[in-house]
Amino acid sequence: MTFDEKVYEIVSKIPNGKVMTYGGVAEALGNNGLARAVGNSLNRNPNPIKVPCHRVIKSDGRVGEYANGVEKKIRLLKGEGIVIKNGRIPKEHIIGM
DNA sequence: GCTCTGACGATTT
DNA sequence: GAAATCGCCAGAG
């Protein structure tokens, strides 16, 4: 299992209507501050269907970036019931806090 | 094996 | 609150 595989596994475990920070995914992997590496793996986005990469946001609550387009990412999140305020997501939606 | 680069994080000013 | 700085790990050249 490569690093990317682990990332996809964690991200695919995120329930509908909830989101997780890059740092949160990193912690779930067993490491702590490798948020960049997590986002990097998602950036290659090998399987955008299996892995809801749009449910992964920054620790600040902002959606961060998206290979498909930030606007698209926000739209998907809103479509799942996520409430975005001023481009930021309430921590209530974030898992692991 | 070294050196960038990157969907980031936390601290400090 | 916003901008700048340093640190972080993984992949590509």
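Only this structure's heavy atoms are used, side chains among them; waters, hydrogens and symmetry mates stay out.
A heavy-atom distance below 4.5 Å is found between the side chains of A:I74 and A:I84. Counting only heavy atoms from C-beta outward, the side chains of A:I89 and A:V19 approach each other to under 4.5 Å. Counting heavy atoms from C-beta on, the side chains of A:E65 and A:V70 come closer than 4.5 Å. By the 4.5 Å heavy-atom criterion applied to side chains, A:N16 and A:R55 are counted as neighbours. Counting only heavy atoms from C-beta outward, the side chains of A:M20 and A:V56 never approach each other to under 4.5 Å. By the 4.5 Å heavy-atom criterion applied to side chains, A:C53 and A:N43 are not counted as neighbours.
Computed from coordinates, the A:E27 CD to B:dC8 P distance equals 17 Å when rounded to whole Å. Here the P atom of nucleotide B:dA10 and the CG atom of A:D60 are 8 Å apart, to the nearest Å. Rounding to whole angstrom units, NZ of residue A:K73 and C1' of B:dA7 are separated by 6 Å.
Heavy-atom minimum distance, A:S59 versus A:T21: CA-CG2, 3.7 Å. In this structure, A:S12 and A:P52 approach most closely via the heavy-atom pair CA-CD, 3.8 Å.
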Original post:
Can you check salt bridge (charged side-chain N to carboxylate O under 4.0 Å, His left out) on A:K18 and A:E80, steps first, answer last?
Top reply: CA-CA 8 Å; A:K18 286 281 188 178; A:E80 294 190 6; over 6 Å; no

Its contact letters, B for base, S for sugar-phosphate only and - for none at protein heavy atoms under 4.0 Å, make nucleotides 5-13 of chain C read --BBBSSS-

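Near DNA chain B, defined here as any heavy-atom distance below 4.0 Å, the residues from residues 10-25 of chain A are A:Y22, A:G23, listed numerically. Contacts between residues 78-91 of chain A and DNA chain B, counted as heavy-atom distances below 4.0 Å, involve no residue at all.
A salt bridge is absent between A:E71 and A:R75; no separation between the charged side-chain nitrogens and carboxylate oxygens falls under 4.0 Å.
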